[in-house]
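The figures here come from the full heavy-atom set of this structure, side chains too, leaving out hydrogens, waters and symmetry mates. Chain naming here is simple, since letters A, B, ... match the order of the sequence lines and numbering starts at 1 in each.
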Number of protein chains: 2
Amino acid sequence: MTETDTADWSDRKRGAGAKLVYDTLRDEILDLVLAPGEPVDEAGLAERFSMSRTPVREALVRLAGEGLVTMLPNRSTVVAQIDYPNLSAFFDALTLMYRVTTRLAAEFHTPADLAAIRLRQEVFSRAVLAGDTAAMITCNRDFHAAIAEAGRNSYYLQLFLRLLDEGRRILRLYYYPRFEARLPHPYILEHEAIIAAVEARDIDLCDRLAREHADQIVRQIQEMIASDRRQHIAL
Amino acid sequence: MTETDTADWSDRKRGAGAKLVYDTLRDEILDLVLAPGEPVDEAGLAERFSMSRTPVREALVRLAGEGLVTMLPNRSTVVAQIDYPNLSAFFDALTLMYRVTTRLAAEFHTPADLAAIRLRQEVFSRAVLAGDTAAMITCNRDFHAAIAEAGRNSYYLQLFLRLLDEGRRILRLYYYPRFEARLPHPYILEHEAIIAAVEARDIDLCDRLAREHADQIVRQIQEMIASDRRQHIAL
DNA sequence: CGAAAAATTCTTGTCGACAAACTTAATGCA
DNA sequence: TGCATTAAGTTTGTCGACAAGAATTTTTCG
């Protein structure tokens with residue numbers, strides 16, 4: 001990611017232009033490289049990626065479809081705001097998706113799924129050990145996404161991925177600055193318990209563990225937001 | 001809808017082109033005017049709506065984002081197939097969304113929401129009385145969408161709408177041909193019971209009624225598909 | 001006659017340009 | 001000076017055109 005400014009995409013395959021812009025912008029939005037509310041200029045992006053405005057526009061339309069940017073008619077496109085008023089709805093849906101995807105994973109997982117899940121847990125643990133908060137956020141996402149994929153329900157998976165990505169922005173805002181790397185990090189242990197419950201195909205236990213895991217994450221985020229609010233008021 | 005072929009959209013506002021194509025195609029896909037797998041030609045649509053390919057393309061990209069069409073790279077765009085292998089996942093998600101949206105409606109509904117829900121139920125009843133199956137399908141959708149809106153959770157609402165729309169295609173395929181208008185149609189009574197439970201803010205009852213309602217619909221669709229399979233095998 | 005190869009036709013992906021709508025700067029008037 | 005109006009400058013939405021890739025037809029050779 002250190003060469004984004006100087007990279008040269010002059011030789012790219014037909015049809016890859018829009019995808020490149022889409023992937024890049026998506027990452028930058030979720031990593032808060034592009035701040036919520038920041039305008040996204042089509043001509044500027046076209047110049048940056050050295051292509052015409054047409055594929056850039058296609059990428060923006062797709063991002064708008066996922067709610068990551070807002071296209072104001074005849075006006076600029078802006079990075080989507082974080083919807084604080086609907087935060088409780090977000091937490092509600094996130095918790096439910098944690099639960100149902102883990103339940104379904106217990107029901108439908110294959111050995112290959114379990115291996116993929118364990119791999120993600122491995123990577124997540126390394127991120128925790130290294131104290132790399134940014135990696136922790138994405139690896140935690142990948143871990144639960146792997147579980148959701150084992151559940152074999154594309155509708156839940158899609159909603160879950162969207163919620164996890166939206167959460168990535170919130171975590172970057174609030175979680176990142178105040179993380180302390182005390183080991184063993186409780187999330188590692190909770191993940192291990194979830195893996196065991198999935199492998200044992202214990203649906204009720206999966207539901208309970210996922211719910212507790214989700215509740216803890218939600219509680220932590222809410223506390224961080226609250227303390228952040230207090231700080232802002234104090235200043 | 002009788003003038004789609006001869007209509008003249010030569011004078012339309014800037015920015016309305018893509019939306020017009022999007023709305024029209026969306027309706028035609030969900031109403032099975034465009035059959036699953038049917039190719040969608042950009043140039044043809046451009047000529048039909050008397051506009052350039054650019055806004056047509058934007059509409060197709062948006063439709064692809066919702067999974068209503070599939071854009072094959074460097075090849076034609078086709079209307080999305082109905083995903084029979086994942087039908088059980090569809091029913092699972094549909095049932096869950098029926099339940100959670102009705103629960104949340106019991107919790108968060110306002111008098112205005114109740115009025116909107118009752119209005120939808122009124123329209124639905126008229127469709128049943130008239131024996132208008134096509135109208136029944138959309139009115140049933142609108143009824144449950146109104147309940148979901150009262151639940152104030154945009155994530156659930158969006159997924160629910162997508163599932164209901166996908167179900168619209170399946171119902172058109174299987175339900176439409178073999179409907180018999182016996183009154184009082186059980187769905188009307190079930191809807192009435194759900195409205196009463198929402199108004200009473202009885203969350204557990206809402207959950208139970210929604211689950212039974214969903215199970216009945218799912219069972220009916222599965223039976224129709226099964227009997228249809230038998231017919232096809234017999235032939 | 002049949003199959004591989006070549007040429008043609010057709011559709012998509014990308015481009016540069018232009019006009020409409022919005023934003024900002026400049027001007028005029030009370 | 002302050003505010004409304006006008007003019008200039010951006011940025012978007014749409015268009016026609018062209019080139020790349022795929023599908024189809026025609027040609028060529030065994």
Distance col, row A:Arg168:CZ vs A:Leu32:CG, nearest 0.5 angstrom, shows 9.0 Å
Distance check needed: D:dT12 P versus A:Glu58 CD, whole Å only. 17 Å
C:dC15, C:dT12, D:dC15: which one has an atom nearest the side-chain heavy atoms of B:Thr54? D:dC15
Would you classify B:Val40 as touching base, sugar-phosphate or nothing, given that sugar-phosphate means primed atoms plus P, OP1 and OP2, and contacts are heavy atoms under 4.0 Å? sugar-phosphate
Please classify the nucleic acid contact of A:Ala16 as base, sugar-phosphate, or nothing, using heavy-atom distances under 4.0 Å. sugar-phosphate
Could you pull out all donor-acceptor pairs under 3.5 Å where a side-chain atom in residues 85-98 of chain A meets a protein atom, sequence neighbours excluded?
from: A:Asn86; atom 1: ND2; to: A:Asp83; atom 2: OD2; distance (Å): 2.9
from: A:Asp92; atom 1: OD1; to: B:Tyr156; atom 2: OH; distance (Å): 2.6
from: A:Thr95; atom 1: OG1; to: A:Phe91; atom 2: O; distance (Å): 2.8

Send over the distance from A:Phe49 CZ to C:dT14 C1', rounded to a whole Å. 16 Å
Pair B:Arg172 + B:Glu28: basic N to acidic O under 4.0 Å: no
Closest nucleotide among C:dT12, C:dC15, D:dT12 to the B:Asp41 side chain: C:dT12
If you pin B:Leu72 and A:Arg53 to their nearest nucleotides in DNA chain C, which one's is more 5'? B:Leu72
What is the separation between atom CG on A:Leu45 and atom C1' on D:dT11, rounded to the nearest whole Å? 13 Å
Per nearest nucleotide of DNA chain D, the residue lying toward the 5' end, A:Arg14 or B:Ser52, is B:Ser52
Atom pair distance, as rounded to whole Å: CG in A:Asn74 and C1' in D:dT10: 13 Å
Nearest-Å distance, CD (A:Glu47) to P (C:dG16)? 12 Å
When you measure from the side chain of A:Arg75, which nucleotide among C:dT23, D:dT12, D:dC15 comes out closest? C:dT23
Take atom NZ of A:Lys13 and atom C1' of D:dA20, then tell me their distance rounded to the nearest Å. 14 Å
I need the full list of salt bridge (Lys or Arg N to Asp or Glu O under 4.0 Å) pairs touching residues 65-75 of chain B, with sequence neighbours left out, sorted by first then second residue. B:Arg26-B:Glu66
Rounding to a whole Å, what distance do you find between A:Glu42:CD and C:dA17:C1'? 15 Å
Less than 4.0 Å between a side-chain N and a carboxylate O, is that true for B:Asp132 and B:Arg126? no
Heavy-atom nearest nucleotide on DNA chain D for B:Pro73 versus B:Ala18: which residue maps closer to 5'? B:Ala18
